[in-house]
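Atoms within a ligand are numbered from 1 in the order they appear, just like the ligands themselves.
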Amino acid sequence: MQVRRCATVMVEPREALDFDLAELAAGETGVRERLGWVALAAHRDEEIELDAVEVAVLGALSPGQWQSLDELSQQHPRAGLDGLLAKGLLIAREPQDDSARRFARDDQAVRAVHWRGLSAVAQRHSRWRDVDTEEAERLFSEASAQTFLERLGPAPPVVGERTEPASRLPLAKPSPSPLDALTDRRVTCRNYDPAPLSHVAFSSVLYRAFGARAVSDYAPGVQLLKKAVPSAGGLHATEAYLLVQRVEGVPPGLYHYHPVAHALEPLCELDAGVAATLARRFVAAQAYYVGAPLQIALVSRFERNFWKYRNHAKAWRAVILDAGHLSQAMYLAATELNLGAFITAAINEVEIEQAFGLEPMSEGPLAVCGFGVRAQEKTTVEFDPAHKVWSDL
Ligand SMILES: Cc1cc2nc3c(=O)[nH]c(=O)nc-3n(C[C@H](O)[C@H](O)[C@H](O)COP(=O)(O)O)c2cc1C
């Protein structure tokens, strides 16, 4: 059998805490520290415990060159090699069973996209699956009498001041402009009207935030886009995947927004109840964002950005910046139409990938945003200290 090491894996020395109930009952702390090695691989969702032999063997294997397992056994302990093979960190050239085939396929997906190793591991292992933030909050309040703020203590100051106030150089404020008026009314909306969103408002905001205003034939086989927002290399690798619940003329379902055609690509029609359940899973059970008429997963096609910025230390940061730019453009386009908008990073990436059929290391959700008509009444808190949207306190 021919094998090679997976493309990207980091090994973390980790201290885990276990509780010994017998010790606890005997009046001691009951806390036992356990030190060990954990492998974080770019092609595996799981964190993988390694023993010291496996760590040593892992460090001696080539990720590029296929080698005979029998020959490797002459130089390295067989148990270590077998352990790494079973854990998917050693990849078989001709996999014999389903899990080995999955390891080989997922490792190949990482290799194909020119990831920088550290970024690949951070992307893979910062994804959530099946997280319920409401449930987490409930468990937190049950487990501790302290409020969140009591536990955290005071926050660092609002500004990282570097000089005494007397030595500041005051700057003139601009006279109010339409941009100021628009910016002032941009308030994250957590209270949505249950009525459907008009088709015109829907398509206008999509165009202004995510649509391409020009396509440039930059070189043979290389097209760049001009959008409302900047993007590294003009590549605009981050695209909008929609979960529609209530939009006039658009049946509930999953869609991909085509930024050049300014059109929806229907992927899957959904029953309204299923759409609501999926919306709840996407935003980790943040009920106020489930109430929005649509959710937009900002999905980065890493393969497009990394085509140019291969194995690049800055590339992952650059695609994450795309999500921030796009969401702000969406906020402003929505605000101009007197709509509310939101963004959340507390998302279940794995459920979003599964719903849209995305290979996580080629195309990954970075955030979920959305917009809609504001509700008449505020039932969930919003941050409007200048009272530009809500007149109450
Ligand atoms: C990266 C990012 C992540 C956010 N995640 C959440 C979130 O998980 N839940 C939420 O309710 N709001 C989330 N927000 C919205 C912020 O809470 C909001 O911007 C902040 O309270 C300030 O309010 P404003 O947008 O009205 O100025 C997020 C905003 C950003 C930029």
Side-chain angles (χ1 to χ4, degrees), residues 122-123 126-141 148-149 152 155-159 179-192 205 209-210 228-231 238 240-241 243 278-300 316-352 364-375 377-393:
Q123 170 63 25
S126 55
R127 289 147 64 243
W128 277 359
R129 174 199 298 266
D130 211 15
V131 170
D132 182 325
T133 50
E134 274 182 0
E135 177 71 358
E137 256 172 55
R138 195 183 59 75
L139 291 175
F140 177 89
S141 55
F148 196 57
L149 287 181
L152 297 185
V158 72
V159 177
L179 181 59
D180 288 313
L182 184 64
T183 309
D184 280 349
R185 288 190 291 118
R186 187 211 56 78
V187 170
T188 294
C189 178
R190 297 194 182 83
N191 298 274
Y192 288 95
V205 175
F210 308 111
V229 298
S231 176
T238 306
Y241 279 78
L243 165 51
L278 211 49
R280 188 179 152 79
R281 294 180 76 88
F282 278 15
V283 296
Q286 298 177 84
Y288 36 88
Y289 293 152
V290 180
L294 70 145
Q295 293 183 351
I296 303 167
L298 299 175
V299 173
S300 198
W316 188 53
R317 285 192 191 180
V319 292
I320 295 170
L321 287 172
D322 274 354
H325 291 130
L326 289 166
S327 101
Q328 174 70 354
M330 183 209 64
Y331 265 88
L332 293 182
T335 306
E336 189 184 35
L337 299 181
N338 281 322
L339 303 171
F342 74 93
I343 180 167
T344 173
I347 61 171
N348 282 311
E349 287 87 349
V350 174
E351 275 87 347
I352 297 171
L366 301 175
V368 168
C369 57
F371 56 92
V373 176
R374 287 182 172 280
E377 277 182 40
K378 184 172 65 172
T379 50
T380 304
V381 66
E382 293 188 12
F383 186 63
D384 182 25
H387 307 296
K388 297 288 180 181
V389 172
W390 301 99
S391 51
D392 62 306
L393 291 181

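Under the side chain to side chain contact (heavy atoms under 4.5 Å, CB included) criterion, Thr380 pairs with Arg190, Asn191, Tyr288, not counting sequence neighbours.
Given atom 1 (C) of ligand 1, the protein heavy atom at minimum distance is Ala345 CB, 4.3 Å. Looking only at protein heavy atoms, the nearest one to atom 17 (O) of ligand 1 is Arg190 NH2, 3.1 Å. Regarding atom 25 (O) of ligand 1, its nearest protein heavy-atom neighbour is Thr188 OG1, 2.4 Å.
Listed by number with element, the atoms of ligand 1 under 4.0 angstrom from any heavy atom of Val187 are 26 (O). When each atom of ligand 1 is checked for a heavy atom of Gln286 under 4.0 Å away, the hits are 7 (C), 8 (O), 9 (N), 10 (C), 11 (O). Atoms of ligand 1 found under 4.0 Å from any heavy atom of Arg186 (numbered from 1 in listed order, with element): 24 (P), 25 (O), 27 (O). Of all atoms in ligand 1, listed by their number and element, those nearer than 4.0 Å to a heavy atom of Phe383 are 22 (C), 23 (O), 26 (O). Within the listing of ligand 1, atoms 11 (O) sit less than 4.0 angstrom from a heavy atom of Tyr288. Of all atoms in ligand 1, listed by their number and element, those nearer than 4.0 Å to a heavy atom of Ala346 are 8 (O).
In this structure, Phe342 has no heavy atom closer than 4.0 Å to ligand 1. Heavy atoms of Glu382 stay at 4.0 angstrom or farther from ligand 1.
Of the candidates Val389, Val283, Ile343, Leu366, it is Ile343 that places a heavy atom closest to atom 14 (N) of ligand 1.
Residues in residues 364-373 take part in no salt bridge (Lys or Arg N to Asp or Glu O under 4.0 Å) pair, two or more places apart or across chains.
Ion pair Arg280/Glu134 flagged as a salt bridge, since at least one NZ, NE, NH1 or NH2 atom sits closer than 4.0 Å to an Asp/Glu carboxylate oxygen.
Taking the six-membered ring where the residue is Trp, Tyr289 and Phe342 present parallel rings, their angle staying beneath 30° rather than reaching 60°.
Asn338 and Arg185 share a donor-acceptor pair across their side chains, judged by distance under 3.5 Å alone.
Counted within 6.0 Å of CZ on Arg317, heavy atoms from surrounding residues, nucleotides or ligands total 12 or fewer; the atom is thus considered open.
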